[in-house]
2 protein chains.
Amino acid sequence: MRLTKRKIATILRQHGYKLTPQRQVVIQAITSSQDHLTPAAIYEKVHQDHPNIGLVTIYRTLEILAELELICKLHAGGSCRSYTISTPQHHHHLICSNCGTVVDFTGHNLSDLEQRLSKESRFRIDGHLLEFIGLCQACQKAP
Amino acid sequence: MRLTKRKIATILRQHGYKLTPQRQVVIQAITSSQDHLTPAAIYEKVHQDHPNIGLVTIYRTLEILAELELICKLHAGGSCRSYTISTPQHHHHLICSNCGTVVDFTGHNLSDLEQRLSKESRFRIDGHLLEFIGLCQACQKAP
DNA sequence: TGCTAAATGAAAAATATTATCATTTACATG
DNA sequence: CATGTAAATGATAATATTTTTCATTTAGCA
Ligand SMILES: [Mn+2]
Ligand SMILES: [Mn+2]
Ligand SMILES: [Zn+2]
Ligand SMILES: [Zn+2]
């Protein structure tokens, strides 16, 4: 289940961040999209209804949201600095290279592989990045 | 087996690219490092012995090498625009977050997962990105 | 050895990101 | 509800990164 605007607001406040109208607008922009969005794209989206919100505020808000893991950064589709709304549990992403739609998936466990790798390479493994890229059903049909 | 300087040169020429001294120097810089390197880092490395090679040439060379899949772009360790030498077969990466060392690994098959995802999501899956991040043995010992 | 398309480097332009600082404001407190 | 204060904002400038442009050079072929 993806995080709601409301849930994000609560977590922000729990961490001592103020719930400003600007932040609410940015959060709204992200949660209302299936897509993954760059800072510039969020700015444009937001700018239409709120022309006084600056790009800097977008950057600052994204940094906080990412730090708290309320949004996920994506790498495989286009820009390496684009974000999508997060979900509480550990998950990975499936991205449409055409329309940008992001689908979360879970249930695949990398810990076996992680153990094997750790043993073979002598690395202490701290995390991983797994994204699939492809075409969503709608984009397969379209020309 | 990682690609050698020689092998890369051959492939470049096979694709109609000229084997300029500048390109050879850039390739040398990448193949001689275990690390993953940003364009700026490659420039610095190269600049010491070849102060007349411009940063633009680095960018242009990296673009070609990446296009031909002779180098791999990495995302999980620091910059999203850093490269390491490639290997011919399909593989993934294990990256030390401290020293930047990149270890290739292979043998893990994502196609089962890919099929499951494809069926569940109705996506046509074209590719994936899998990187592990951690600490190499040397960096675990160091403070 | 010369020709030519491709490559290079210098410079500028375009983008992207971060820092600075005066002003505004969310929200805790009484 | 008014007030104080630390946090947040926006304007602007600074910095960093990447791409274009174009005159000059050169790798590789005939
Ligand atoms: Mn996600
Ligand atoms: Mn590799
Ligand atoms: Zn799509
Ligand atoms: Zn290390």
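A, B, ... follow the sequence lines: proteins, then strands. Residue 1 opens every chain.
By the 6.0 Å contact criterion, CZ on R122(A) is open, its count of non-hydrogen atoms from other residues, nucleotides or ligands being 12 or less. More than 12 heavy atoms of other shown residues, nucleotides or ligands fall within 6.0 angstrom of atom CD in Q89(A). Other residues, nucleotides and ligands contribute more than 12 heavy atoms inside 6.0 Å of the CD atom of E120(A). Within a 6.0 Å sphere centred on CD of E44(A), heavy atoms belonging to other residues, nucleotides or ligands number 12 at most.
The stretch residues 23-33 of chain B does not touch DNA chain D, since none of its heavy atoms comes less than 4.0 Å from the strand. Contacts between residues 5-20 of chain A and DNA chain D, defined by a heavy-atom separation below 4.0 Å, involve Y17(A), K18(A), T20(A), listed by number.
Applying the ring-ring contact (aromatic ring centres under 6.0 Å, His included) criterion to H47(B), with sequence neighbours excluded, gives Y43(B). Applying the side-chain contact (heavy atoms from CB on, under 4.5 Å) test to T10(B) and every residue at least two apart in sequence or in another chain returns Q14(B). A search for side-chain contact (heavy atoms from CB on, under 4.5 Å) contacts involving A41(A) returns L37(A), T38(A), not counting sequence neighbours.
Once you apply a 4.0 Å limit to the heavy atoms of chain B, the touched nucleotides of DNA chain C run 5' to 3' over dA5(C) to dA11(C).
Ring planes of H108(A) and H108(B): tilted class, angle from 30 to 60°.
dT25(D) atom C1' lies 14 Å from atom CD1 of I53(B), rounded to whole Å.
Where the helix from dT1(C)-dA30(D) to dG30(C)-dC1(D) starts and where it ends, the local axes point in directions that differ by 40°; five pairs per end, rounded to 10°.
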Acceptor/donor pairs from residues 17-28 of chain A side chains to any protein atom, 3.5 angstrom cut, sequence neighbours excluded:
unit_1 : atom_1 : unit_2 : atom_2 : d
T20(A) : OG1    : R23(A) : N      : 3.1
R23(A) : NH1    : K18(A) : O      : 2.7
Q28(A) : OE1    : K5(A)  : NZ     : 2.9

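Residue pairs meeting the side-chain hydrogen bond (donor to acceptor under 3.5 Å, both in side chains) criterion with at least one member in residues 65-79 of chain B, sequence neighbours excluded: H75(A)-H75(B).
Through direct or indirect side-chain contacts shorter than 4.5 Å among Ile, Leu, Val, Met, Phe, Trp and Tyr, F123(B) is connected to L94(A), V103(A), F105(A), L110(A), L113(A), L117(A), F123(A), I125(A), L130(A), F132(A), L94(B), V103(B), F105(B), L110(B), L113(B), L117(B), I125(B), L130(B), F132(B). Residue L135(A) shares its hydrophobic cluster (ILVMFWY side chains chained together at separations under 4.5 Å) with no other residue.
Residues S33(A) and D35(A) bring no donor and acceptor atom of their side chains to less than 3.5 Å of each other.
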Output a table of nitrogen or oxygen pairs between the protein and nucleotides 18-21 of chain D separated by less than 3.5 Å.
unit_1  : atom_1 : unit_2 : atom_2 : d
dT18(D) : OP2    : Y59(B) : OH     : 2.3
dT18(D) : O5'    : Y59(B) : OH     : 3.3

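Mapping Q22(B) and Q22(A) onto DNA chain D via the closest heavy atom, the residue that lands nearer the 5' end is Q22(A).
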Could you please spell out the steps behind the side chain to side chain donor-acceptor pair (under 3.5 Å) verdict for H93(B) and H36(B)? CA-CA 11 Å; H93(B) 298 114; H36(B) 54 116; over 6 Å; no
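One N or O on the side chain of T4(A) and one on the backbone of K7(A) form a donor-acceptor pair closer than 3.5 Å.
Nucleic acid contact class of P21(A) (heavy atoms, under 4.0 Å, all strands): sugar-phosphate only.
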